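Read the numbers this way: they start at 1 and go in the same order the structure lists the ligands and their atoms. Computed from a prediction, not measured in an experiment: that's the story for all the values here.
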Amino acid sequence: MNVIIVHGGAGTKRDLLERKEAVIKAVESGYKILEESGSAIDAAIKATVILEDSPYFNAGTGSGLNIEGEVEMDASIMTDSLECGAVACIKNVKNPILIAKFVMEKTDHIILSGEGAQKFAEIMGVRSYDPTTKKSKTLYNKLMRKIKAGQGTRYFPRLPNFIEYYNTDTVGAIAVDEEGKFAVTNSTAGVILKLPGRLGDTPVFGAGLYANELGAVSATGHGEGIIRLCLSKEAVDLMKRNSAQKSVSIAIRKAKRYNCRCGLIAIDRKGRVGWGHTADAMPSAYIKNGKLTYKDWI
Ligand code: GLY
């Protein structure tokens, strides 16, 4: 079937040109793998690694810092055969999505977290890497100065209000290969200034992503809101009677009713794509029948 869609996070319009460039590079690289008869897993992973390696997203290199000034990342992968793997609160790795894939393919578990996830990454031969950048440290220092000065503290306990001003910029991809197999991924450092140990929706199957015989969905945005609504599973269930786009639109309408700032991408069994968000922008691209389509805020 060979269809792929990627997203660069539901958030603000900041750095939209740079994010557009990275999203297009990711979708084209993933599609090339599909065209060369590669698997949906390899295509979705390749696209996600490219987005993790771009400093313009809150995933991998350039990730946002938690309240203690450290990067804790979540990433996950799922296929339509219900194979799953995720890491949560992992530090000091370059590509959390690759560790999530190792969890899926090499262990009897689904989610590894914290130090256990890091130890597992070491066992898999993954080298230690500091994903912070000058830009992410500058943003952290700026926000902390505001918080310490008493500004913004009233927003901090209420993340839905807080993230209105800052990006979550989770990244994700869905690919369908020649054999009609689906793979869906997600990767993030979560909401900036989160408390240490906090998991968002990204490593939570059914919330941040889901795939089964009906199709696949990847979510981005305010993790707590997405978890409460089990948004990805809800959108996949809707594909029983609706196209990917209709299913995403219905799920997004529900998210709006719950004041959940988020976005969804989807592909259904017929290879139709779906896209929608409640944020200011969500840079995304898909390739179907060789034709590339890019969308961000409309
Ligand atoms: N969707 C990213 C997060 O809330 O962690």
Side-chain angles (χ1 to χ4, degrees), residues 6-12 14 19 48 51-52 56-60 62-68 70-78 86-91 96-97 100 111 113-114 117 131 136 139-140 143 155-174 184-210 217-235 248 251-252 255 258-266 275-284:
V6 309
H7 74 77
T12 68
R14 195 181 59 201
R19 287 155 70 209
T48 309
L51 295 172
E52 285 180 338
Y56 293 102
F57 302 99
N58 184 21
S63 282
L65 278 54
N66 71 15
I67 193 92
E68 290 184 334
E70 291 196 294
V71 173
E72 288 181 328
M73 298 165 286
D74 304 333
S76 56
I77 177 162
M78 184 168 187
V87 286
C89 286
I90 192 167
K91 293 180 190 169
I97 192 64
I111 308 174
S113 67
S136 66
L139 179 61
Y140 170 79
L143 294 177
Y155 292 123
F156 186 64
R158 303 270 170 217
L159 283 173
N161 296 336
F162 196 64
I163 63 157
E164 192 178 325
Y165 305 102
Y166 306 107
N167 273 349
T168 49
D169 288 352
T170 301
V171 302
I174 307 170
V184 50
T185 60
N186 243 345
S187 182
T188 190
V191 177
I192 194 164
L193 299 189
K194 67 185 182 182
L195 297 182
R198 175 262 190 195
L199 304 190
D201 57 301
T202 297
V204 180
F205 296 93
L209 77 174
Y210 200 73
V217 171
S218 176
T220 162
H222 181 232
E224 282 74 3
I226 295 167
I227 291 171
R228 283 192 183 102
L229 297 174
C230 283
L231 205 56
S232 292
K233 177 68 163 66
E234 168 116 12
V248 165
I252 287 291
Y258 284 86
N259 203 20
C260 173
R261 189 173 155 92
C262 66
L264 295 174
I265 55 171
W275 180 88
H277 66 88
T278 64
D280 298 338
M282 184 172 79
S284 311

Nearest-0.5 Å distance that lies between atom [atom1] in [X] and atom [atom2] in [Y]:
X	Y	atom1	atom2	result
His7	Leu51	NE2	CG	8.5 Å
Leu193	Glu68	CG	CD	11.5 Å
Ile111	Ser76	CD1	OG	8.5 Å

So is there a nitrogen or oxygen of [X] less than 3.5 Å from a nitrogen or oxygen in ligand 1?
X	answer
Ile226	no
Thr220	no
Gly200	no
Asp201	yes

Check Arg198 against ligand 1 and report side chain, backbone, both or neither, counting heavy atoms closer than 4.0 Å.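 For Arg198, the contact with ligand 1 is made by the side chain alone.
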
Assess the side chains of Thr202 and Asn186: does a donor N or O sit below 3.5 Å from an acceptor N or O? no

For Gly221, atoms of ligand 1 separated by under 4.0 Å from a heavy atom: 1 (N), 2 (C), 3 (C), 4 (O)

Ligand 1 to Thr170, heavy atom cutoff 4.0 Å, flagged ligand atoms 1 (N), 2 (C)

Can Arg198 and Glu224 be counted as an ion pair, charged N to O under 4.0 angstrom?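 Yes, this pair counts.
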
With sequence neighbours left out, what residues match Val71 under side-chain contact (heavy atoms from CB on, under 4.5 Å)? Ser63, Leu65, Met73, Pro131, Thr132, Ala189

